[in-house]
Protein chains: 2
Amino acid sequence: MSSPTRKVTMIDIAHEAGVSKSTVSLVLQGSELVKDDTRDRVLAAMDRLGYVYNRGAANLRRKTSEVLGMVINDLTNPFFAEIAVGIERALQTAGFIPLLANTGEDPSRQARVMQAMREHGAAGFLFCPAIGTDEGFAHEIMSWRLPIVTVMRRIPGVDFRSVAPDNVGGARLATEHLIGLGHRRIAFLGGRPGMVVMEDRCQGYQAALAAAGLPADPGLIVEERPNRDGGLAGVGALLSIADPPTAVLCFNDAVAFGALHGLWERGLQAGRDLAVVGFDDIANAAHTTPPLTTVAVSCRTLGERAAHLLLSELRGEPTGDHIGEVRLVVRASSGPPGQDRYRPNT
Amino acid sequence: MSSPTRKVTMIDIAHEAGVSKSTVSLVLQGSELVKDDTRDRVLAAMDRLGYVYNRGAANLRRKTSEVLGMVINDLTNPFFAEIAVGIERALQTAGFIPLLANTGEDPSRQARVMQAMREHGAAGFLFCPAIGTDEGFAHEIMSWRLPIVTVMRRIPGVDFRSVAPDNVGGARLATEHLIGLGHRRIAFLGGRPGMVVMEDRCQGYQAALAAAGLPADPGLIVEERPNRDGGLAGVGALLSIADPPTAVLCFNDAVAFGALHGLWERGLQAGRDLAVVGFDDIANAAHTTPPLTTVAVSCRTLGERAAHLLLSELRGEPTGDHIGEVRLVVRASSGPPGQDRYRPNT
DNA sequence: CCTTCAATTTGGAACGTTCCAAATTTTTCG
DNA sequence: CGAAAAATTTGGAACGTTCCAAATTGAAGG
């Protein structure tokens with residue numbers, strides 16, 4: 001039992017059950033062809049000998065695999081962690097299993113690890129591209145002719161299926177909300193041009209302004225790192241311009257958290273002194289002081305949809321992109337513009 | 001090029017380069033035996049034909065694999081996400097690659113997916129057990145005779161190598177800090193007995209009390225879910241007992257966040273009205289209001305150590321458990337006991 | 001009992017590697 | 001130059017499956 005005994009194979013089972021290896025194989029594949037009685041005998045033998053199916057060998061012969069690559073730019077970000085969980089869940093129930101890579105936004109790591117996954121027989125990829133992913137690489141992996149679904153960030157210039165929330169619509173929704181509250185000078189804070197997500201959200205913001213007949217002041221669009229630090233720095237910049245905004249739509253919740261913090265540092269309060277709106281509705285958004293108004297994206301669902309999309313592609317079914325619904329969640333960080341405290345110069 | 005051409009194999013390369021498949025194999029394995037000139041020819045051929053190494057086939061023959069199972073109880077928890085990232089990083093640089101499973105604290109999912117990973121040829125496991133993991137299952141996987149390293153939560157009764165922070169020491173440190181501030185009635189909040197981590201931390205807390213000659217009031221140990229909701233509920237319970245504590249050590253940061261929120265709801269302030277200390281120092285701890293005093297655990301490092309431990313085991317090297325260092329980070333949520341506001345009954 | 005047809009079962013050749021023992025080529029040196 | 005030694009290269013048998021075509025068994029019908 002604890003001896004260094006050779007691994008149990010189908011042949012051993014065949015022997016033990018008094019059938020051929022082909023029959024064992026049929027049983028393993030749940031074939032209808034085999035007689036119930038025989039099946040039972042084979043299953044019993046497997047049990048007795050402690051058989052472990054060797055999928056590697058099977059896949060070698062069959063030229064397929066149930067292994068998929070899951071490449072995530074930043075698992076440390078709860079938003080992407082949630083997506084990863086959604087993907088994993090869907091794959092698991094479909095009998096697939098992901099190889100994981102966290103690229104940490106490093107394109108060269110990304111390239112290395114995706115190559116490794118290919119060598120390990122990944123049958124397709126769920127892919128949240130790192131920020132600097134270039135078109136050359138995109139073409140490279142396209143040439144692999146494996147199904148690939150990009151999640152959140154689509155790559156311009158290649159036609160992978162993609163799954164993403166309705167960034168344009170969400171930003172429009174949020175901006176309309178602010179306009180409805182009476183705001184006229186609304187800023188957009190965070191992100192870098194070249195980031196598709198930033199561009200989409202910014203576009204939705206601009207569309208809402210335009211639809212309301214409000215001027216688009218380029219000075220109100222502040223580029224910043226897409227994280228808390230960016231928000232902190234950006235809100236400072238916004239408050240110090242000559243004619244400061246009364247509201248700010250942040251690229252994402254992390255940026256909004258930073259903005260909240262920046263306000264707090266100045267003795268100002270979000271909602272009263274400056275309306276702040278986030279994007280994503282990550283877990284913490286409900287628990288800041290004040291709680292954050294934000295655009296809710298169901299990232300778990302997004303992950304599941306991505307997985308299903310990839311599975312469809314694997315089956316060769318026709319597929320289309322998926323744009324996830326968004327929903328505005330109004331909390332206390334967004335209020336109407338006030339006249340009292342928010343202008344340092346009065 | 002885009003034709004449904006058969007996959008390129010070593011044999012094709014051998015042909016193209018005018019050598020035998022054995023030579024190609026040697027090149028692939030970076031052997032010193034092959035002449036530089038030949039190596040170049042082979043590499044060139046690979047390049048020309050677009051060869052992809054089939055590790056599945058290699059592993060079948062070689063009876064090893066660079067694939068490891070990474071089984072995480074809850075990736076949604078930033079603490080474990082960080083560990084996962086640390087593991088993945090270390091594995092990647094060592095040329096290994098993880099299969100991922102998120103069990104969502106469900107032991108039956110856990111059992112299913114670990115079996116699947118075994119069938120896929122996982123050579124070992126990095127394992128953060130789900131909460132209800134029973135000893136029977138532990139013995140089952142032990143019988144697989146694969147190297148397994150448990151992370152964070154060790155399993156009593158089986159001797160897997162394990163990696164965890166110094167929970168006992170950290171809790172002692174935190175409690176000593178509170179005692180040093182002058183607190184005499186210090187509560188412990190959150191977690192369930194049966195959770196090893198809770199037991200360790202609670203033990204450290206009790207040790208510190210005992211060392212300071214303070215009585216151990218069992219009424220000051222409040223079991224609760226190990227998350228924000230548990231903290232919220234628990235702090236309410238603590239404040240309403242006859243002789244309430246002046247300080248509370250929370251099972252982890254999430255619980256502490258809930259406690260902070262509970263205080264805020266009652267118009268009380270952490271640090272002044274009740275000293276609150278967390279455990280883990282997750283990303284948000286520095287950004288609560290007030291910022292949270294907590295025991296910092298370097299989870300990224302923890303993950304890396306776990307990976308290295310598993311790799312050592314794979315190489316058959318002698319190994320031992322790793323207990324990660326902890327460090328007390330004092331922020332504003334813990335102050336000396338006051339006399340004014342924290343007693344509802346004065 | 002023989003035939004026919006359906007239901008089961010089965011050998012053996014892949015799948016793309018590695019690894020061993022043996023073969024071949026190259027170098028060294030008396 | 002020839003022999004011995006060293007450096008390279010090479011066939012072919014695994015590894016544990018699947019899958020096909022063919023063989024065997026069983027049931028039904030005359």
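Protein chains get the first letters and strands the later ones, always in sequence-line order, with residue 1 at the start of each.
- Using a 4.5 Å heavy-atom cutoff, the side chains of B/Val85 and B/Arg300 are in contact.
- Considering CZ of B/Arg161 and OG1 of B/Thr319, their distance stands at 4.5 Å, rounded to 0.5 Å.
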Identify all side-chain donor-acceptor contacts of residues 125-133 of chain A below 3.5 Å with residues at least two apart in sequence or on another chain.
from, atom 1, to, atom 2, distance (Å)
A/Thr133, OG1, A/Gln110, NE2, 3.0
A/Thr133, OG1, A/Ala130, N, 3.3
A/Thr133, OG1, A/Ala130, O, 2.6

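- Within the 3.5 Å criterion, the main-chain N or O of A/Thr103 finds no donor-acceptor partner in the side chain of A/Asp106.
- Each of B/Ser20 and B/Arg62 has a nearest nucleotide on DNA chain D; the 5'-most of these lies closest to B/Ser20.
- Protein chain B contacts DNA chain C over a range whose 5' and 3' limits, counting nucleotides with an atom under 4.0 angstrom from a non-hydrogen atom, are C/dG16 to C/dC19.
- Among the atoms of the strands shown, only primed sugar atoms or phosphate atoms (P, OP1, OP2) are found under 4.0 Å from some heavy atom of A/Lys63.
- If you check residues 111-118 of chain B against DNA chain C, you find no residue with a heavy atom closer than 4.0 Å.
- Put simply, CE on A/Met117 and CE on A/Met70 are 8.5 Å apart, with the number rounded to the nearest 0.5 Å.
- A heavy-atom distance below 4.5 Å is not found between the side chains of A/Asp200 and A/Val197.
- Between the side chain of A/His15 and the backbone N or O of A/Ile11, no donor-acceptor pair lies under 3.5 Å.
- Contacts with DNA chain C (heavy atom under 4.0 Å) in residues 28-37 of chain B: B/Gln29, listed by number.
- Here the side chains of B/Leu60 and A/Asn54 are in contact, with some heavy-atom distance below 4.5 Å.
- A distance-only check finds no donor-acceptor pair linking the side chain of A/Arg39 to the backbone of A/Leu26 [under 3.5 Å].
- Heavy-atom nearest nucleotides on DNA chain D were determined for B/Thr23 and for B/Arg61, and the one closer to the 5' end corresponds to B/Thr23.
- Looking at B/Arg153 and B/Glu105, a side-chain N of the basic residue comes within less than 4.0 Å of a carboxylate O on the acidic one, giving a salt bridge.
- Shown here are the side-chain hydrogen bond (donor to acceptor under 3.5 Å, both in side chains) partners of B/Arg62, two or more places apart in sequence or in another chain: B/Tyr53.
- Near-neighbour residues of DNA chain C inside residues 45-59 of chain B, defined by a heavy atom below 4.0 Å, number-ordered: B/Tyr51, B/Val52, B/Tyr53, B/Asn54, B/Ala57, B/Ala58.
- Between the A/Ser65 side chain and the A/Gly121 main chain, a donor and an acceptor come within less than 3.5 Å of each other.
- In this structure, OG1 on A/Thr9 lies 10.0 Å from NZ on A/Lys21, to the nearest 0.5 angstrom.
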